[in-house]
Amino acid sequence: ILYYHDNIHNEDALENLIEKGNNIKILVDEIFILANEKKTSIEFPIDFITNEDRKLERENIFGKLMKNEKIYDVGDKTIEHFENIIRDKKFIFWNGPLGKSDEEKYSQGTINLLNKLHSLDMRILIGGGDTAAVASNLDLKDKLEICTGGGAAIEMLEGKSLPGIISLDNK
């Protein structure tokens with residue numbers, strides 16, 4: 001979304017966010033239309049860390065990625081930005097880590113935001129095994145509700161029927 005939103009068509013960079021074969025223009029347009037209809041905003045990271053351990057600001061990232069360089073995490077400015085946005089919220093649904101959380105050095109964005117959220121007075125639902133694993137390793141489970149099925153959690157919020165729930169309802 002970020003790459004399309006900023007009118008950048010860098011195939012290597014695009015691979016970081018969306019699998020090839022998807023029509024990103026249609027998808028992103030639909031997301032922005034829906035957000036506008038719901039009177040909500042879509043917030044983007046403002047700084048990044050790459051697999052080459054370079055720190056880049058959003059405004060100068062485009063055209064700056066080297067061949068085979070990928071965005072692997074968000075930076076400290078993004079964590080502060082997101083914390084300011086969600087500070088006064090009562091409920092957060094979080095699906096998916098902010099970085100490549102299976103590598104410790106690229107999970108710092110997720111770790112830092114989880115720690116900040118944990119200190120706030122709100123309910124937090126974590127959807128997805130990768131994010132749940134990071135939260136469990138930090139021993140933050142006391143204030144978090146964890147669902148390891150991230151995709152299933154999103155489908156449930158969309159109002160779709162889930163086979164496992166249907167099966168339980170039929171018993």
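- A pairwise comparison of heavy atoms in Ser101 and Asp130 identifies OG-CB, 3.8 Å as the closest pair.
- The two residues Met122 and Leu117 make their nearest non-hydrogen contact at SD-CD2, 3.9 Å.
- A donor-acceptor contact shorter than 3.5 Å links the side chain of Thr50 to the backbone of Glu52.
- To the nearest 0.5 angstrom, Ile111 atom CD1 is 8.0 Å from Leu114 atom CG.
- The closest side-chain heavy-atom distance from Gln108 to Asp73 is below 4.5 Å.
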Would you mind writing out the side-chain donor-acceptor pairs for residues 82-99 within the sub-3.5 Å range, not counting sequence neighbours?
residue, atom, partner, partner atom, Å
Asn84, OD1, Arg87, NH2, 2.7
Asn84, ND2, Glu80, O, 3.2
Trp94, NE1, Gly96, O, 2.4

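- Nearest heavy atom pair, residue Glu104 against residue Ser107, reads O-OG, 2.8 Å.
- Here the side chain of Asn36 pairs no donor or acceptor atom with the backbone of Phe32 at under 3.5 angstrom.
- One distance of note links CD1 of Ile79 with NZ of Lys77; it measures 13.5 Å at 0.5 Å rounding.
- Considering every non-hydrogen atom in both His81 and Phe44, the closest pair reads CD2-O, 3.9 Å.
- In terms of heavy-atom proximity, Asn51 sits nearest to Lys70 at OD1-N, 2.6 Å.
- Summarising the local packing, CG of Asp102 is surrounded by more than 12 heavy atoms from other residues, nucleotides or ligands at distances under 6.0 Å.
- At distances below 3.5 Å, at least one donor-acceptor pair connects side-chain atoms of Thr78 with backbone N or O atoms of Ile46.
- Residues Ile49 and Tyr106 share a closest heavy-atom pair of CG2-CE2, 4.2 Å.
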